There are 2 protein chains.
Amino acid sequence: MKKITIGEAARQSGVKVPTVRYYESIGLLAAPSRSEGNQRSFEPADISRLAFIRHARELGFEIDAIRTLLTLQDDPHQSCASADAIAKARLVEVEQRIRSLMALKAELEIMVEGCGHGRVDQCRVIEVLADHGQCMHPHH
Amino acid sequence: MKKITIGEAARQSGVKVPTVRYYESIGLLAAPSRSEGNQRSFEPADISRLAFIRHARELGFEIDAIRTLLTLQDDPHQSCASADAIAKARLVEVEQRIRSLMALKAELEIMVEGCGHGRVDQCRVIEVLADHGQCMHPHH
DNA sequence: CCTACATCCTCTAGCGACTAGAGGTGCAAG
DNA sequence: CTTGCACCTCTAGTCGCTAGAGGATGTAGG
């Protein structure tokens, strides 16, 4: 059993060193054993767990949701209904966010296209910001 | 000249009362004059400014970008090149974010569709999270 | 004029999810 | 043995607000 340092764990999982310590501090990752000199010594399982967390974070899951997903992973005999519900909720969020960003994109495009590159008093960017009534889409 | 209270300013601009005070504290809004009893008394121009800020925030501009946009608005004889650049940068960001969210949506859909609603050890949600190699899209 | 009540004031602390930095210790190579 | 990197703990900062305490002011009704 070779010891995995925090740096090594970070490299292999793609989670930064301070973030690994942070995850430990909030109880997302069990505190690993320590070397003689008080340095953390991780197991391969910890690296998988970190990679799991990282992937879930990249998908935009909140720490609390990840906490739930991890307890599910820890006990594979449970029903996966909660995992399913969490993922579905996230999907709805993402779809909502995409729709809102599309509307936003449209508005930004109007602003940018309308800019005559002259002085501010003819600039559509400033004008549209100042007067919401000029928006095409009632997205907000 | 009737006095506009902070509550009235908030109502008219759509910015919440504590947020108005916050904007004043960070210098985004000039400190208004005060009544005898030390209460803020806003001008109509302040309300336009607040509405401008609100709209820009809704479009996802950061406070620092808004600060720049506001100085441009304050001096309409400047070139609008910076406003244009800020809006364009924001547009690029938004487009990038949309692309990444679309990839993410696809991945979440695979997870959710693959869930057989059985036990966790057969659940695609947990499985995909644990193994990034199963992602279809190399978006992250 | 008095009372009730909404609204205002300042100040501090908290949110999420880290990130940065200070000040110190451990460890492997040259 | 010394250099230099990686590690340790701890605190404080980031962003853009938001919540709450504890008190002052303004207004409408009786």
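Owing to the predicted nature of the structure, the values given are computational and were not obtained by experimental measurement. Chain letters run A, B, ... following the sequence lines, proteins first, then strands; residues in each count from 1.
With sequence neighbours excluded, no residue forms a side-chain hydrogen bond (donor to acceptor under 3.5 Å, both in side chains) with E95(B). For E43(A), there are no side-chain hydrogen bond (donor to acceptor under 3.5 Å, both in side chains) partners, not counting sequence neighbours. Taking R57(B) as the reference, nothing meets the side-chain hydrogen bond (donor to acceptor under 3.5 Å, both in side chains) condition, with sequence neighbours excluded.
dC7(D) atom C1' lies 16 Å from atom CD1 of I4(A), rounded to whole Å. In this structure, the CD1 atom of I26(B) is 14 Å from the C1' atom of dT18(D), given to the nearest Å.
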Next on the checklist: Applying salt bridge (charged side-chain N to carboxylate O under 4.0 Å, His left out) to R11(A) and E8(A), what does each step give before you reach the verdict?
Outcome noted: CA-CA 5 Å; R11(A) 228 163 292 122; E8(A) 197 45 38; 2.5 Å; yes
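Salt bridge E93(A)/R90(A): present, at least one basic N to carboxylate O contact under 4.0 Å. By the 4.0 Å N-to-carboxylate-O rule, R67(B) lies close enough to D64(B) to be salt-bridged with it.
The nucleotide range of DNA chain C contacted by chain B, defined by atoms under 4.0 angstrom from heavy atoms of the protein and reported 5' to 3', is dC8(C) to dT10(C).
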I'd like a list of close polar pairs between nucleotides 25-29 of chain D and the protein, N/O only, cut-off under 3.5 Å.
unit_1, atom_1, unit_2, atom_2, d
dG26(D), OP1, G37(B), N, 3.2

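The residue R11(A) sits apart from the nucleic acid: no heavy atom pair falls under 4.0 Å.
Two different hydrophobic clusters hold V92(B) and I98(B) under the rule that ILVMFWY side chains link at heavy-atom gaps under 4.5 Å.
A pairwise comparison of heavy atoms in I47(A) and S13(A) identifies O-CB, 4.0 Å as the closest pair. Minimum heavy-atom separation, L29(B) to D46(B): CD1-O, 4.1 Å. Of all heavy-atom pairs between V94(A) and L101(B), the closest is CG1-O, 3.6 Å.
The stretch residues 13-25 of chain A touches DNA chain C through K16(A), T19(A), Y22(A), Y23(A), each having a heavy atom within less than 4.0 Å of the strand.
Contact check, R40(A) against dC8(D): a side-chain N or O comes under 4.0 Å of OP1 or OP2.
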